[in-house]
J.: 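Have a look at the structure that comes next, please.
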There are 2 protein chains.
Amino acid sequence: MNVERLNVIREVLSSSPVASQDELRRKLRRRGIQVTQATLSRDIHQLRVSKGPGGYSLPNGHAAPAEEDDQAPSVVEMMNSFGLRVVQAMNQVVLSTVMGGAQPVAAALDRAEWPQIVGTIAGDDTVLVICGDARQAAEVGTRLRSMLEP
Amino acid sequence: MNVERLNVIREVLSSSPVASQDELRRKLRRRGIQVTQATLSRDIHQLRVSKGPGGYSLPNGHAAPAEEDDQAPSVVEMMNSFGLRVVQAMNQVVLSTVMGGAQPVAAALDRAEWPQIVGTIAGDDTVLVICGDARQAAEVGTRLRSMLEP
DNA sequence: GACAAAAGTGCATAAGTATGCAAGAGGATT
DNA sequence: AATCCTCTTGCATACTTATGCACTTTTGTC
């Protein structure tokens, strides 16, 4: 299973700076894991790792390995239809929609009952999503953003 | 000077997801700034922007060079006409207005595009203004308060 | 066990990003 | 003015990352 490898990757990334996927590949090889850069690219995407100055870094709140989770079909639909922009601020996520789209999106979010979401407030074209803390808001923001039109 | 461009880049990145430097280049061109991908690569490094799933994102703690504060005459008008009270809480500002005044005030704020403001939500007599953080909310609160009738 | 569907991987290569080099702009010094 | 710096940028290209395709392994079903 590749879960083992993902765990090692997390460990490597958190213990020393890694500048490229090829460097990561060499470090993994030293630990007995031998894969190609292509696979690491996929792993990194799956782990939702981000790259900035100073190399790769794990997501702020380390979420579990790969939780490609449950279908929130309704939310996806609403986001696709109305969603424009997602911005996180502290423990909140501000979700901009086309005019009149906020209410249905908020309703869909309420129905979905994501565990991170404490509640939502909808205006005409903006939904304020209140989460338990900043980490949870980041998760929600990422997830919502991934539902926007590419 | 390139400081102007850096500010616009920050604004673009915070307002909509950007997946690549070339996409950023096109968005900047629409705003009248025309540079090559190479320059953007350097700018992004300078801004310490990081790239993750969901595109580029500004550094968590933003050390921002101050930007100009344009006058937003329209906001002043609206505040004079409808504004009653301004209260800051965390990264938010709650703005009370006369009944029916919230929507126009919020619309004016949206139009003004203050950099500190992430988004606004208007009810009937209350506007919730969401800012990037508490400091920015304080700035916005002070500025709005100064627009109230003495 | 046999088959079908899904997941994981490498290869080759497309897509995206960083950088050495040189050119031009503006400033300071002589 | 001439010269020398420094800063900024574009160009070309090296470097890095993502992905379509084919193949193999795993998982689920009968």
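Residue numbers begin at 1 in each chain, while the letters A, B, ... track the order of the sequences.
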J.: Rounded to the nearest 0.5 Å, what separates atom CG in A:Leu84 from atom CG in A:Asp125?
T.: 8.5 Å
J.: Round to the nearest Å and state the distance from B:Ile44 atom CD1 to D:dT17 atom P.
T.: 15 Å
J.: Check whether any side-chain heavy atom of B:Glu23 lies under 4.5 Å from a side-chain heavy atom of B:Arg26, and answer yes or no.
T.: yes
J.: If you check the A:Tyr56 side chain, which of C:dG10, D:dT17, D:dG10 turns out closest?
T.: D:dT17
J.: Nearest to the side chain of B:Gln37 - C:dG20, D:dT17, C:dA18?
T.: C:dA18
J.: Rounded to the nearest 0.5 Å, how far does CG of B:Leu28 lie from CD1 of B:Ile9?
T.: 5.5 Å
J.: Rounded off to whole Å, could you give me the CZ-to-C1' distance for the B:Arg25 and C:dA15 pair?
T.: 14 Å
J.: Counting heavy atoms from C-beta on, name the nucleotide in C:dT17, C:dT19, C:dT9 closest to the side chain of A:Arg5.
T.: C:dT9
J.: Distance check needed: D:dA18 C1' versus A:Leu40 CG, whole Å only.
T.: 12 Å
J.: How long is the line joining NE2 of B:His45 and P of D:dT16, in whole Å?
T.: 14 Å
J.: Output yes when at least one side-chain N/O atom of A:Thr39 is less than 4.0 Å from OP1 or OP2 of C:dG10, else no.
T.: yes
J.: Name the closest nucleotide to the A:Val35 side chain, picking from D:dT19, C:dG10, C:dT17.
T.: C:dG10
J.: Counting side-chain heavy atoms from CB outward, which of D:dC11, C:dG10, D:dA18 is closest to A:Gln21?
T.: D:dA18
J.: Heavy atoms under 4.0 Å, any strand shown: does A:Ser41 hit a base, just sugar-phosphate, or nothing?
T.: base
J.: Just how far, in rounded Å, is C1' of C:dA12 from CZ of A:Arg42?
T.: 12 Å
J.: Mind calculating the distance between CD1 (B:Ile9) and C1' (C:dT17) to the nearest angstrom?
T.: 14 Å
J.: Once you round it to whole Å, what is the distance between C1' of D:dT8 and CD of B:Gln34?
T.: 16 Å
J.: Any ion pair linking A:Glu139 and A:Arg143 (charged N to carboxylate O, less than 4.0 Å)?
T.: no
J.: State whether A:Gln46 places a side-chain N or O below 4.0 Å from either non-bridging phosphate oxygen (OP1 or OP2) of C:dG8.
T.: no
J.: Under 3.5 Å, is there a donor-acceptor pair linking the side chains of B:Asp133 and B:Gln116?
T.: no
J.: Using atom NZ of B:Lys51 as one end and atom P of D:dT17 as the other, report the distance to the nearest whole Å.
T.: 10 Å
